[in-house]
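Take a look at the structure set out below.
Naming convention: chains lettered A, B, ... in sequence-line order (proteins, then strands); numbering from 1 in each chain.
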Protein chains: 2
Amino acid sequence: MSRSEHPETPPLSAATFHILLALAGGDRHGYAIGKEVEEQTAGAVSLGPGTLYRILKQLTIDAWIAEIDSADDEHERRRTYRLTSRGRAIAQAEARRLDALVSVARARRLLPALAR
Amino acid sequence: MSRSEHPETPPLSAATFHILLALAGGDRHGYAIGKEVEEQTAGAVSLGPGTLYRILKQLTIDAWIAEIDSADDEHERRRTYRLTSRGRAIAQAEARRLDALVSVARARRLLPALAR
DNA sequence: GACAATGCATCCATTATGGATATAATCCAT
DNA sequence: ATGGATTATATCCATAATGGATGCATTGTC
């Protein structure tokens, strides 16, 4: 992540989208995001600490996420993040892109037709 | 692409999945695959020649795709590829992974609820 | 109190990608 | 038919992105 900014338009890197998606589920600190991605993907996707904390730093700079005061005084070390409206908009755009991709996969019978 | 084999399990790189997805639509030669990806994604995703031909070579080695005889005698230079059953199975697995991801995005209101 | 798990940070080797470059065939307009 | 744009593949290189190692400190558990 030597680039100063993420591209404003999709595609996002898989790691970046997973982080935004985790935060779309509520405020979380870095380590919790990493754990959630692992659980959500049944271990298929795991972000190394290098990837995880580097991207969090950059996303904060780009204001796609913001660090917030954690109400938890017991864990001073934690840095808790929240998705910004900008970050949400970008995550939505990426979600739409992936949805379109899945639709093509369905049309080409890589996935079963939608139940109705 | 110095690795001798792609991972058998998702996640695939975005470029690899786009190539497999294009071939799921029928036999195509490399250049046509690149064009289709660009059109299908409205220009958002474009594979450089380095990425495109390198991956095609590796996918052939891994037998996820196979080079077939083109019926077209007018274009000797073309190399036409076909998805193998193995390649199709892997593309299916990746499509399922993405579909699950999209479902999470939908549950978190990054996408509108499914129409019924 | 010992030990594992949590939590963040940085560095480094590896991997993946895009773009430049090269080469050649095909298509199309003139 | 000729000249230029497009098609088509291949390789090289600089850059970007990733994972894992390492370090260090805190929190939870027995």
Protein-nucleotide distance ([X], atom [atom1]; [N], atom [atom2]), rounded to Å:
{"X": "Leu12(A)", "N": "dT17(C)", "atom1": "CG", "atom2": "C1'", "value": "16 Å"}
{"X": "Leu59(B)", "N": "dA10(D)", "atom1": "CG", "atom2": "P", "value": "13 Å"}
{"X": "Leu52(A)", "N": "dA17(D)", "atom1": "CG", "atom2": "P", "value": "16 Å"}
{"X": "Arg78(B)", "N": "dA24(C)", "atom1": "CZ", "atom2": "C1'", "value": "14 Å"}
{"X": "Leu47(A)", "N": "dG20(D)", "atom1": "CG", "atom2": "C1'", "value": "13 Å"}
{"X": "Gln58(B)", "N": "dA10(D)", "atom1": "CD", "atom2": "P", "value": "14 Å"}
{"X": "Ile33(B)", "N": "dA10(D)", "atom1": "CD1", "atom2": "P", "value": "12 Å"}
{"X": "Phe17(B)", "N": "dA16(C)", "atom1": "CZ", "atom2": "C1'", "value": "18 Å"}

[X] with [Y]: basic N within carboxylate O range, under 4.0 Å:
{"X": "Arg108(A)", "Y": "Glu36(B)", "result": "yes"}
{"X": "Glu94(A)", "Y": "Arg88(A)", "result": "no"}
{"X": "Asp99(A)", "Y": "Arg106(B)", "result": "yes"}

From the list [options], which nucleotide is the closest neighbour of the side chain of [X]?
{"X": "Lys35(B)", "options": "dC8(C), dG19(D), dT7(D)", "answer": "dT7(D)"}
{"X": "Arg54(A)", "options": "dA9(C), dG19(C), dG19(D)", "answer": "dG19(D)"}
{"X": "Tyr53(A)", "options": "dG19(C), dG19(D), dT10(C)", "answer": "dT10(C)"}
{"X": "Lys57(A)", "options": "dT17(C), dT10(C), dA8(D)", "answer": "dT10(C)"}
{"X": "Arg79(B)", "options": "dA10(D), dA8(D), dT10(C)", "answer": "dA10(D)"}
{"X": "Ser13(B)", "options": "dA9(C), dA16(C), dT7(D)", "answer": "dA16(C)"}
{"X": "Ile55(A)", "options": "dT18(D), dA9(C), dG19(C)", "answer": "dT18(D)"}

> When we call it a touch if two heavy atoms are under 4.0 Å apart, what does Gly30(B) touch: a base, just sugar-phosphate, or nothing?
Replying inline: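 Sugar-phosphate contact only - Gly30(B) comes under 4.0 Å of backbone atoms but never of a base.
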>> Over all strands shown, is Ala15(A) touching base, sugar-phosphate only, or nothing at heavy-atom distances under 4.0 angstrom?
In response: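 Answer is sugar-phosphate: Ala15(A) comes under 4.0 Å of backbone atoms only.
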> Does the side chain of Tyr31(B) get closer than 4.0 angstrom to OP1 or OP2 of dT7(D) through an N or O atom?
Replying inline: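 For dT7(D), OP1 or OP2 has a side-chain N or O of Tyr31(B) closer than 4.0 Å.
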> Any side-chain N or O of Thr51(B) less than 4.0 Å from the OP1 or OP2 oxygen of dG18(C)?
Replying inline: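 It does, given that an N or O in the side chain of Thr51(B) lies less than 4.0 Å from OP1 or OP2 of dG18(C).
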> Which heavy-atom pair separates Tyr81(B) from Leu23(B) by the least distance, and what is that distance?
Replying inline: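 The pair with the smallest heavy-atom distance is O-CD2, 3.5 Å.
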>> Quick check: closest heavy atoms across Trp64(A) and Thr16(A), and the distance to 0.1 Å?
In response: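 So the two residues come closest at CZ3-CG2, 4.4 Å.
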>> If you assign each of Arg77(B) and Ala14(B) to its closest nucleotide in DNA chain C, which residue comes earlier from the 5' end?
In response: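 Checking each residue's closest nucleotide, the 5'-ward one belongs to Ala14(B).
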